[in-house]
Amino acid sequence: MRAYILRRLAQSVLVVWAVTTIMFFMFRVMPADPTAILLERGLTDEARQALLERWGLTGSLWDQYIAYLGNLLQGDFGASFFYRKPVWEVLFPLIVNTLWIAVPGLLLGAAIGAAIGTAVGWARRGGKLERSGIFLATVIRGVPNFVIGIALLTVFSSTLGWFPGFGMGDPGETTGFARYLTLDFLHHLTLPLVAVIIYFLPENLLLMRSGVVENRTEDYIELVRAKGVPQRRVAWHAARNSMLPLITWLFPALAETIAGIVVIEIVFSWPGVGRELVLAVTRQDYPLAQAAFFLLAVMIVLANLAADLVYGKLDPRVVYK
Amino acid sequence: MSLAELNARLAAKPAAELRVDGLSVTYNTARGPFHAVEDVGFTVPAGTNLGLVGESGCGKSTVVKALMGLLPEGTGLTGRALLDGDDILGLTDDALRDVRWNRIALITQSAMNSLDPVYSIGDQIVEAIRAHEPVGRATAWARAEEMFALVGLPAARLTEFPHMFSGGMRQRAVIAMALALNAGMLLADEPTTALDPIMQSQIMARIRGIHAHMRRSMVLVTHDIAVVAETCETTVVMYAGKVVESGPTGQVLGRPLHPYTMGLQNAFPRLPVRGAPRQPLISIPGVVPNLASPPPGCRFAGRCPFAADLCRTTPPPVAAAGPQQAACHFTDRAEEFRAAAALPETWRKMRAAA
Ligand SMILES: Nc1ncnc2c1ncn2[C@@H]1O[C@H](COP(=O)(O)OP(=O)(O)OP(=O)(O)O)[C@@H](O)[C@H]1O
Ligand code: SF4
Ligand SMILES: [Mg+2]
């Protein structure tokens, strides 16, 4: 088990290193000149040269790469061209903001999706619940998530005026973590969070349903029924076994989901990492963009590792080798 | 409730009586209705064993599933099954909640796959106990330990998961589970088919031992006539979804009235009689008719060495000789048939004709 985790961690480091390297060279070969934006601000040539040196943009590509990796290893992401601040200072609050919609959104989406999926999978084959459940889930899954976001905005913000449609609200006097506990924040959080849930729910629902449908005709379910336990318990056995494939899908799917969250952040002007990533790329702000990609890679790799470990907890047949 | 109280309570359950009458099951398949079981009836007196025998596909498991309420949705079901006087046929899952395992328990045919892979075996036995008796987990677990001891498994292995058990151990675990509530009626659907011959006889000996000890009633489904001869007071022979012969085991196997029973008997090694020449094994040539469109007359006519024109057009009536019954037009010639059926040529001729 320990050897297994160590080996997986080593693999993870390798993956993160590969992503980082690809990102590094990709940004370097992009046609636009990164210093253009610096020139626009009317810097003298000497000042520009000084800046380039400070940001490690002089020397051969190889030297730059080595310097970049060296800094990364020391936890130094460099400084944002655009904000002229260390990248970490820019990113940290944004990460927290993203986690606020991503983590509850994904967990609730998975939990609600799995619960409804179980009910739909356990319902009479070809019955009303099954057909409407599959229909709705398929339709929602087919709708691009910016459309879901805009629909939510139109209905609950513009028309009904129940929720604000923009940003995270004004922290006012409250600072630090306390701001996340204000009603104003929760008020702003609702719509983007609901958007993430709706975005994530249908796939979970459909996967869980097909798992339950498959499991309900298994021999072991027959024996559970024969034992005379309540119907809920029987359905639970089917659901519990259907979770295994769901978990293997769920964590790797987080990578895709991150793309979806970027869109939701943009639609709701939610100041998160995803939105900033897009802005950083359009602004040619390499250090910021690279750092954001680096963090995403780390998150995805950790998610995969977590998936393996959770799977092992849920399925007694798994042996870590 | 303590373990002692639980045990006393469960031990007080009487053996159950089962009367099945006019049971017909029609599966709803993509290719139309499939009459897997037709007009099956039998009685299991309290405290006795009934052996249900017949070739693969003749509907034995279908009868068992009908009794447990485990047929797929949309399956046609008629008839009655009176368990101590209450009709349990065609009830909903909710209505069966109290009947299943409490009054009628099941040892499944495919015990290999009958356990939930993600729960420990102990948890699965405890689940059955606690579904019916108001006991805590500890008491239920203690009862499960006793059941494990009864089937010859070490109690410490209750915490293990199904994949850690061998086939024989899983089969015994399923038996332990079936015994956990001391139901008055036990349905055992080929409890040993998946096992090797040595394990088979061990498990059967175990079932017989437990049965004699607990005095339950049992329906034992099997291909194996020798097992029936050793274990069951009553024998019911099924062919192509129908009962062709039934009655006290000694009579049905000793002096069969139906040609199919005679053939079936030839297909199994006789209990060796000292000094007598070994009987050759004779199998019944031909195949079971397709039940999607059953033949109009006797269903066995296509394979019966004694079939006459009448057999091919008219379904045979049920003829009774005391408690022994057979569905054949010519039960009055059984004596003559038995003599002929004992000869391999009789069946070999059928094969040549087929
Ligand atoms: N769910 C089902 N849908 C359609 N047909 C079925 C279904 N289950 C069983 N059958 C058919 O019904 C017939 C009887 O099957 P059953 O399982 O009762 O036979 P069996 O006597 O138990 O055979 P075996 O000795 O092989 O277990 C078979 O022809 C089988 O193909
Ligand atoms: S009715 Fe005819 S075909 Fe059927 S078993 Fe009797 S003799 Fe054979
Ligand atoms: Mg069967």
Side-chain angles (χ1 to χ4, degrees), chain A residues 114 118-131 208-209 211-248 307-321, chain B residues 28 61 64-65 67-74 91-121 123-133 159-164 170 173-174 177-178 180-181 183 187 189:
Chain A
T118 303
V120 171
W122 196 252
R124 196 166 53 80
R125 295 307 306 272
K128 243 196 214 133
L129 179 61
E130 184 182 43
R131 277 185 300 165
M208 195 66 177
R209 183 205 81 94
V212 168
V213 164
E214 221 169 86
N215 272 291
R216 65 185 288 183
T217 53
E218 290 286 325
D219 287 334
Y220 74 86
I221 288 293
E222 192 164 271
L223 187 62
V224 176
R225 282 178 68 199
K227 288 199 287 191
V229 301
Q231 279 303 292
R232 272 174 290 110
R233 271 306 287 179
V234 189
W236 167 252
H237 276 267
R240 176 69 178 68
N241 277 274
S242 307
M243 276 177 205
L244 304 173
L246 193 65
I247 294 288
T248 29
D308 272 10
L309 298 181
V310 170
Y311 196 95
K313 270 265 170 290
L314 283 179
D315 189 344
R317 286 162 297 189
V318 171
V319 234
Y320 294 103
K321 275 202 238 74
Chain B
N28 208 341
S61 295
V64 168
K65 284 186 185 172
L67 293 174
M68 287 306 290
L70 294 174
L71 291 170
E73 274 170 47
L91 296 183
T92 62
D93 279 320
D94 285 332
L96 282 171
R97 168 101 168 70
D98 215 39
V99 176
R100 289 170 170 166
W101 233 252
N102 207 6
R103 297 172 59 188
I104 183 165
L106 173 68
I107 301 172
T108 45
Q109 178 168 13
S110 53
M112 291 298 283
N113 311 315
S114 286
L115 295 161
D116 187 331
V118 304
Y119 286 98
S120 77
I121 293 178
D123 280 341
Q124 298 186 54
I125 299 179
V126 163
E127 180 181 41
I129 297 172
R130 297 190 68 193
H132 299 284
E133 291 293 333
T159 55
E160 290 184 12
F161 292 90
H163 72 278
M164 301 157 101
R170 265 185 254 188
V174 167
M177 193 183 288
L181 283 150
L187 306 180
D189 190 355

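Please read all numbers here as calculations on a predicted model, not as lab measurements. The figures here come from the full heavy-atom set of this structure, side chains too, leaving out hydrogens, waters and symmetry mates.
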Practice task
Kindly give the heavy-atom pair with the smallest separation between A:Ala114 and A:Leu246, and that separation in Å.
Solution key: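 Heavy atoms only, the tightest pair is CB-CD2, 4.2 Å.
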
In terms of heavy-atom proximity below 4.5 Å to chain A, should [X] be classed as side chain, backbone, both, or neither?
X        : result
B:Met177 : side chain
B:Asp94  : side chain
B:Glu127 : both

Only pairs of heavy atoms separated by less than 4.5 Å count here; which of [options] has the most with chain A?
options                             : result
B:Gln124, B:Arg97, B:Met68, B:Lys65 : B:Arg97
B:Pro72, B:Pro117, B:Ala105         : B:Pro117
B:Leu106, B:Asp93, B:Leu96          : B:Asp93

Exercise for the section: Examine distances only and state if a side-chain atom of B:Arg100 and a backbone atom of A:Arg225 form a donor-acceptor pair shorter than 3.5 Å. Expected result: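 Side chain of B:Arg100 to backbone of A:Arg225, a donor-acceptor pair under 3.5 Å: yes, one is there.
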
Practice task
Could you tell me whether a side-chain N or O of A:Arg216 sits under 3.5 Å from a main-chain N or O of A:Ile221, the two making a donor and an acceptor?
Solution key: no

To the nearest 0.5 Å, what is the distance between [atom1] on [X] and [atom2] on [Y]?
X        : Y        : atom1 : atom2 : value
A:Asn241 : B:Tyr119 : CG    : OH    : 8.0 Å
B:Ile121 : B:Asp116 : CD1   : CG    : 11.0 Å
A:Leu223 : B:Leu70  : CG    : CG    : 9.0 Å

Practice task
Name the region of A:Leu244, side chain, backbone, both or neither, that has any atom closer than 4.5 Å to a heavy atom of chain B.
Solution key: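 Side chain of A:Leu244 only, per the 4.5 Å heavy-atom cut-off to chain B.
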
Completion exercise
Assert top hit (heavy-atom pairs under 4.5 Å, partner chain B, pool A:Glu218, A:His237, A:Gln231, A:Lys227) equals A:Lys227

